[in-house]
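Given the structure is predicted, the values throughout are model-derived calculations rather than measurements. Counting convention: from 1, in listed order, for ligands and their atoms alike.
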Amino acid sequence: MLEGGYGAIEEGIKGVEVGILINNVGITYPRAMFFHEVDQLKSLGLILKPPLGSQRSLIGPVLHRRRGAIVNISSGAAVVVPSHPLYAIYAATKAYVDKLSRSVHVEYKQFGIHVHCQVPLYVATRMVSVVAAVDKPSFFIPSPEVYAKAAVEQIGIGSRCSPFWAHSLQWFLLGLLPENLLDIWRLSIGLRRRSMS
Ligand SMILES: NC(=O)c1ccc[n+]([C@@H]2O[C@H](COP(=O)([O-])OP(=O)(O)OC[C@H]3O[C@@H](n4cnc5c(N)ncnc54)[C@H](OP(=O)(O)O)[C@@H]3O)[C@@H](O)[C@H]2O)c1
């Protein structure tokens, strides 16, 4: 998709009334890794460009209509837990998505463009099967279909949310715990995954 650059997107949507842009693209590490082991430049470039480039491409055309929505997908890895050891760059890029979305939301609300950041926790997708060896949905881990339904229902409501109700419950419960306990918990998960890979 990115090969033609964002100029190709701008060209492609000329004359098309785009109502909603969903920036869903995301990649993470193939396995749990310490910060120094990751090819940072490659990872950062791949993850940071899509939400910035595609939003910039779309905002111009939507601005004159004063109506539209941009949905960016962040992650509980950045927003819900205080740290995400052994996936640090992934979590940092998702924090970037969160801050970018919330700032752009405030900038463009006055022009009728709704920029919305969604914060999923685990969803039983290909990414989670690789990262967490989860291959089927459970109470806290919805199927992509169940998650997508909840996500679509929340577009246009507020600047940020975790659309699936059980994720919101987890967010609330985790918020009650001390940060150092969450750090220890996340580190133990990262190290366990590393030892399994
Ligand atoms: N699943 C979770 O538990 C979870 C939790 C929190 C946040 N998220 C976020 O939710 C979003 C969706 O994740 P997912 O779980 O559905 O991941 P996924 O199963 O790995 O799917 C990622 C999607 O992004 C596309 N993609 C990756 N790099 C791309 C690139 N450079 N250009 C164009 N498309 C690209 C992939 O396309 P191909 O199919 O062509 O490879 C795929 O369709 C991501 O932003 C992820 O960070 C997921």
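- Classification of the Tyr147-His167 ring pair by plane angle, with boundaries at 30° and 60°, yields tilted.
- Closest heavy-atom approach to atom 23 (C) of ligand 1 among the candidates Met127, Gln118, Arg126, His167: Arg126.
- Short contacts between ligand 1 and Tyr122, defined as distances under 4.0 Å to a heavy atom of the residue, involve ligand atoms 3 (O).
- Neither the backbone nor the side chain of Pro144 comes within contact range of ligand 1; no heavy atom lies under 4.0 Å.
- Chaining together hydrophobic side chains whose heavy atoms lie under 4.5 Å apart leaves Val130 on its own.
- At a heavy-atom cutoff of 4.0 Å, ligand 1 is contacted by the side chain of Ile27 but not by its backbone.
- Remark: ligand 1 atoms within the under-4.0 Å shell around heavy atoms of Ile73 are 9 (C), 10 (O), 11 (C).
- Under a 4.0 Å criterion applied to the non-hydrogen atoms of Leu121, ligand 1 contributes the atoms 2 (C), 3 (O), 4 (C), 5 (C), 6 (C).
- Considering only non-hydrogen atoms, atom 25 (C) of ligand 1 lies nearest to Val25 out of Val123, Val79, Asn24, Val25.
- Taking 4.5 Å as the limit, some side-chain heavy atom of Arg194 sits within range of a side-chain heavy atom of Leu86.
- When only interatomic distances are considered, the shortest N/O to N/O separation between Ser75 and ligand 1 does not fall below 3.5 Å.
- Taking the six-membered ring where the residue is Trp, the centroids of Trp171 and Phe140 are separated by 6.0 Å or more.
- In this structure, CG on Leu121 lies 7.5 Å from CG on Leu174, to the nearest 0.5 angstrom.
- Side chains of Arg186 and Tyr87 form no contact here, defined as non-hydrogen atoms less than 4.5 Å apart.
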message: side-chain contact (heavy atoms from CB on, under 4.5 Å) for His116 and Cys161? Distances and angles first, verdict last.
response: CA-CA 8 Å; His116 178 68; Cys161 74; 3.7 Å; yes

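- Ligand 1 has Ser74 within reach: a non-hydrogen atom of the residue lies less than 4.0 Å from it.
- Under a 4.0 Å criterion applied to the non-hydrogen atoms of Lys94, ligand 1 contributes the atoms 44 (C), 45 (O), 46 (C), 47 (O).
- The heavy atom nearest to atom 2 (C) of ligand 1, out of those in Val134, Val97, Val128, is found in Val128.
- Formation of a donor-acceptor pair under 3.5 Å by the Gln118 side chain with backbone atoms of Ala151 is found in this model.
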